[in-house]
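Okay, so here's the structure we're looking at.
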Amino acid sequence: MSSMPGTLAEQMAYLTKGAVDVVRGSELRAKLEQAAGKERPLVVKVGFDPTAPDLHLGHTVLIRKMKHFQDLGHTVVFLIGDFTGLIGDPTGRSKARPPLTRDEIDQNADTYRAQVFKLLDPDRTVVEFNSRWLGALRSEDWIRLAASYNVAQMLERRHFRQRYDRGQPIAIHEFLYPLTQAFDSVHLAADVELGGTDQLFNLNVGRDVMPSFDLPPQVVMTVPLLVGLDGAEKMSKSAGNYVGITEPPNEMFGKLMSISDALMWSWYELLTDLPMVEIERLRARVGAGDLHPKQAKQDLGRRIVADFHSDDAAVLAEREFERRFTGGALPSELEERAVVVRPAGARLSAVMVEVGFAGSNSAATRLIDQGSVRVDGERIVDRGARFPPDAGPFVLQVGKRRVVRVIPRPAGREPVEVKK
RNA sequence: GGCGAGGUUGCGGAGCGGUCAAACGCAACAGACUGUAAAUCUGUCGCCCUAGCGGCUUCGGAGGUUCGAAUCCUCCCCUCGCCA
């Protein structure tokens, strides 16, 4: 990894790829130039919630942008906003969150590290906690900080503006919140701050406040929200349209292959390091019929899996996918489930429920009626199908994706199976 | 504090005494077609079983009226508008 690759124009293109806002491009360019001249890397700040992080690809858009700066030799500060976490939730509306303990915060920080370093270079990443300096501020420091901004500026934020216009209350501490974030930038002397588009206002407050502390304003850059697997909603855990970065390679690859062709290009842009020109070229080739979209998607899948696992794992995942879905074979590693069978035998529908392939007997029966259930490859349409108490192991499939090897166990002899 | 609207099956949203397990749309799931893509078409979408013009439990909560209630009455809980 060379420390300063490419011309300034190339660096700019790399860093601003996929970004929504850049305030301002000219300043970023100047800072890059300066950094190169003085051989002093830029300090790039990004704040994160201290609440339990379980990252999915949506979060990695921002993390990847951090990586881009690292790739060009800059230093990234991974800032954990534990100050507010220690105090409890500050933003009115929502029900007060119980404050996190120091232990919880540290534990969450470790979880962050474990996930985030799949993309980031630990040597160029500084993990910080803002309680370190915010907790040490004296009353006069707070007043000085508050003096660096004014109400009119605060009301530029749409959320505040609306509430103010409607006569809804805005507590003073809500104004303090963006200011503390701004103070983080002051303390770190950040050159650049990155965040999601929803953070634009807060990031700009930092930019505005810094000159009052004799610092040049930070450059602000925002990245967009990633659209989830469904191609409609933003990726989120609650919507269920996400790909977790700790998911196993096969699962990850499978999910990636299920996205629509249209969505693929946005993911190429936001989830890979490929330059835009390269992506446009691929897209043109697909448009011209020169490259099959499925191939383009497989390439994308392999890249992403490689980022969070390894090149080998990615290749294997692709092969397994081909084998299984294009070739119609069973997965090479079948999960096994022991199922207790009473002397009277077991109904197929009950087995489906026990194995977790159906939520209820009724649901299982419907699936059988619809012809989606196979036992050892044979389609079963008899809703009353049962297995004798002495049945041997068999492969149970429901739909295309759900497969398991069922190991029948006679009831009574062994202790009831332990669930994990 | 005063006035008004409303809480229905994952979401949105009908229903306003029986024919309601509850229209319709979305989401989801399955089948067909495919590139496990999208689109499209078809079906399913409370639970139980001996699977039937079957049984059971649902329409914020608790009571009540009625042969019969998601639909009417009483009380309670909650949400959302408007006024101070």
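Every chain is numbered from 1, with letters handed out A, B, ... down the list of sequences. All values reported here derive from a predicted model rather than from experimental measurement.
Rounded to an integer number of Å, the gap from CG of Asn241(A) to C1' of rC11(B) is 15 Å. The CZ atom of Arg386(A) sits 11 Å away from the C1' atom of rU50(B) (whole-angstrom rounding). Counting to the nearest Å, the P atom of rG10(B) and the CD atom of Glu233(A) are 18 Å from each other.
The C1' atoms of rG15(B) and rC72(B) are separated by 15 Å, rounded to the nearest whole Å. On the P atoms, rG10(B) is 13 Å away from rG61(B), given to the nearest whole Å. Between rU9(B) and rG46(B), the distance separating the two P atoms is 12 Å to the nearest Å. With both ends at atom P, the span from rA21(B) to rC3(B) equals 40 Å, rounded to whole Å. When the P atom is compared between rC83(B) and rU19(B), the two are found 44 Å apart, to the nearest whole Å. Rounded to the nearest Å, the gap between the P atom of rG60(B) and that of rG12(B) is 14 Å. On the P atoms, rG6(B) is 16 Å away from rG17(B), given to the nearest whole Å. A distance of about 15 Å separates the C1' atoms of rC26(B) and rA14(B), rounded to the whole Å.
Between Pro293(A) and Ser362(A), it is Pro293(A) whose nearest contact on RNA chain B lies nearer the 5' terminus. Along RNA chain B, the nucleotide nearest to Phe321(A) and the one nearest to Gly371(A) differ in position, and the one closer to the 5' end is contacted by Gly371(A).
Side-chain nitrogen and oxygen atoms of Arg402(A) include at least one within less than 4.0 Å of the OP1 or OP2 phosphate oxygen of rA30(B). The shortest distance between the side-chain N/O atoms of Lys294(A) and the OP1/OP2 oxygens of rU36(B) is below 4.0 Å. The phosphate of rC47(B) has OP1 or OP2 within less than 4.0 Å of a side-chain N or O from Arg366(A). In terms of phosphate contacts, Thr326(A) brings a side-chain nitrogen or oxygen within less than 4.0 Å of OP1 or OP2 of rU36(B). When the side-chain nitrogen and oxygen atoms of Ser260(A) are compared with OP1 and OP2 of rA39(B), none of them lie within a distance under 4.0 Å.
In this structure, Arg383(A) reaches the bases: a heavy-atom distance under 4.0 Å links it to at least one base atom across the strands shown. Here Gly384(A) lies out of heavy-atom contact (under 4.0 Å) with every strand.
Of the possible donor and acceptor atoms, none in the side chain of Ser310(A) sits under 3.5 Å from a partner among the backbone N and O of Ala306(A).
The six-membered or imidazole ring of Phe129(A) lies away from that of Phe83(A), with a centre-to-centre distance of 6.0 Å or more. Taking the centre of each ring, Phe394(A) and Phe387(A) come in below the 6.0 Å mark.
Residue-to-nucleotide contacts include a donor-acceptor pair under 3.5 Å from the side chain of Asp261(A) to the base of rG35(B). In this model, a side-chain donor or acceptor of Gln370(A) finds a partner on the base of rG43(B) within 3.5 Å.
Under 3.5 Å, the side chains of Gln218(A) and Glu27(A) contain no donor-acceptor pair of N or O atoms.
Salt bridge present: Arg383(A) and Asp369(A) bring a charged side-chain N and a carboxylate O closer than 4.0 Å.
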